[in-house]
Amino acid sequence: MLYVLEPAATTAPHTGAVRLRFLLESLTALDGELRARGSSLHVARVADGADVAAEVAAAAARCGATTLVYEDDDSPAGRQRDAAVGAAAAAAGLAVVTRSGHTLYPPALLLDAAGGVAPRTMAAFTSLVDRVGPPRPPLPTVGDDLPPPPPPPPPLGDGEAVADGAVPSLGALGWDAAAAAGLRVRGGEAAALQRMEAFLGRRGGAVVRAFEKPKTSMVAWRTPDTTVLSPYLAAGVLSPRTFYARLREVEAAGNGRHTRPPVSLVGQLLWREHFHLLAGSVPHFGRMAGNPLCRQIPWDDPSTDAAAAARHAAWATARTGYPAVDACMAQLRKEGWVHHLGRHLLACFATRGDLWLSWEAGAATFEELLLDWDPALNAGNWMWLSASAFFNSYFRVYGPVTWMRKVDPEGKFIRHYLPALARLPTAYIYEPWKAPAGVQAAAGVRIGDGGDYPAPIVDHAVVSKVNIDRMAKAFRSGAAAEKGGNKAPAVKVGGVGGWGGGANAKPAAATGAPSRGGRSAKAKADAAPVKTEESGGAGGLRTRSGRVSKKR
DNA sequence: TTTCGCGTTGATGGC
DNA sequence: CGCCATCAACGCGAA
């Protein structure tokens, strides 16, 4: 099995140390599983700008493979690359087999059932899924009947390639291991299944059956209130169909007494499914310009506006001066993970609530930092929180002082993630700039310029009102545009991609990023000619830039 | 016993 | 999966 590490998967700003460590651990675990079955994983690195498709095809042919197997990537950029790989492989005389397994359903199946137009609301999506019926059950785990590994293929790319195919270390990829020390989730499928079963078994399944996402706690950092399976789902380490099937079993044990979508855990998988379907079918889903789903709002752009860049930097480095916001960012930077509701606070504050930054800028920061980064979910959720799409109540603004205080009156979460503030009296923990000098001194902290923690970079009471007015204006002009007959076109399905260009990231000019969004492949291959079918549950590994293929 | 002052609670509506 | 101002209703102690 071959896994290709593209530069964007191993370097900032697209990838941070924490997620890279998780990926490398998962690759190591996959290699171990393959070796236990008499095969192995070969990791190859390619240089920036290399023609990966041609090199993969050439390497496969040179080591005697007859079939190239990989999993579909449902993102536009991924589909473009898949097409290139498929074409290059076919030209090299290889049979090509692709599978759909990253989502519960093959996207084309849902789009067909929906008449070619992806639903735009969760309610409509849920009824679509009800009509289609449950997803296929996961396939069994591969056994020990894998063919022996072929001779190692020649290295891909230039001298950067890892000749022996071993999973590289963080250090070998140019990272300081200390930067990834905050990782709290172990990589690999065995760890994923163990975490999944541990959660499913909480109070005999009662926790699953009573699960309501909005009611989970964002300040339970020692033992998160949610599953924290998203990193595994995002990387392709855990099959969504495996998770779904087990959830249904645990729900069934309650004799019909369990929560339901959208708040249940199955509902969380449907959110994921919904955003994936939209990301694969709405033009430019990952950005504002040219995205028919996204309200056009005159955000400040940090790439062209120095003041906006300063605000963005303060937000991204946990220096806004609002402890609730900064504690969330501190957790994200350290661990690569924050609770869903913490992400709400961060995203609302960065966009319509306070800083008025483009949601694309915030999404780019999350792309680097999130362990569970997924282009479809990231864009969908940033559009949601910025009230650019899906969500219209732009006046519901999270208060950076009031909101978290309701669930954590003593500020334990803040004290843990912002240790400089740990000794402040509870009265000031959410508003440290109000603490008198004597109180600050007693707490061993100095707030403000040159101190240990900054004063607020904006006055929430003032800017939130200004921003609500701006949002109201943007909503009015959006409504006017729609009345003027400028409606967004229906979202058409289609194999034919008219929207090729890198729809999942910021505009290419802003990042210089190569297209990414990769997938992996399954170990179990039929030697069939080009065809597509669903792949299954166990054992795969998928990343945005990885590609695994089986040689025989 | 009635009335007043004052603080708390909950419903409501606007942004 | 907001926040706040407003107001009515209420509880309670004091006069």
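Hydrogens, waters and symmetry mates play no part in the numbers below; they use all other heavy atoms, side chains included. Naming convention: chains lettered A, B, ... in sequence-line order (proteins, then strands); numbering from 1 in each chain.
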In whole angstroms, how far is the [atom2] atom of [N] from the [atom1] atom of [X]?
{"X": "N392(A)", "N": "dC15(B)", "atom1": "CG", "atom2": "P", "answer": "17 Å"}
{"X": "K213(A)", "N": "dC1(C)", "atom1": "NZ", "atom2": "C1'", "answer": "10 Å"}
{"X": "H340(A)", "N": "dC1(C)", "atom1": "NE2", "atom2": "C1'", "answer": "7 Å"}
{"X": "K406(A)", "N": "dC1(C)", "atom1": "NZ", "atom2": "C1'", "answer": "10 Å"}
{"X": "D354(A)", "N": "dG2(C)", "atom1": "CG", "atom2": "P", "answer": "15 Å"}
{"X": "L345(A)", "N": "dG2(C)", "atom1": "CG", "atom2": "P", "answer": "12 Å"}
{"X": "R396(A)", "N": "dC15(B)", "atom1": "CZ", "atom2": "P", "answer": "16 Å"}
{"X": "F349(A)", "N": "dG2(C)", "atom1": "CZ", "atom2": "P", "answer": "17 Å"}

Practice task
Have a look at L341(A) and say if it touches a base, only the backbone sugar-phosphate, or nothing, with a 4.0 Å heavy-atom cut-off.
Solution key: base
Handout entry: Among dG2(C), dC1(C), dC15(B), the nucleotide that comes nearest once only the side chain of H344(A) is considered
Key = dC1(C)
Practice task
With the side chain of P214(A) defined as its heavy atoms from C-beta on, choose the nearest nucleotide among dC15(B), dC3(C), dC1(C).
Solution key: dC1(C)
Handout entry: Basic-acidic side-chain contact under 4.0 Å: D372(A), R343(A)
Key = yes
Problem - Ionic contact status for E360(A) with R287(A), cut-off 4.0 Å - result: no
Practice task
Verify the contact: side-chain N or O of K465(A) to OP1 or OP2 of dC4(C), cut-off strictly under 4.0 Å; return yes or no.
Solution key: no
Handout entry: Donor on one side chain, acceptor on other, H339(A) and T216(A), under 3.5 Å
Key = yes
Handout entry: side chain to side chain donor-acceptor pair (under 3.5 Å), paired with Y244(A), selected from R241(A), R248(A), R246(A)
Key = R248(A)
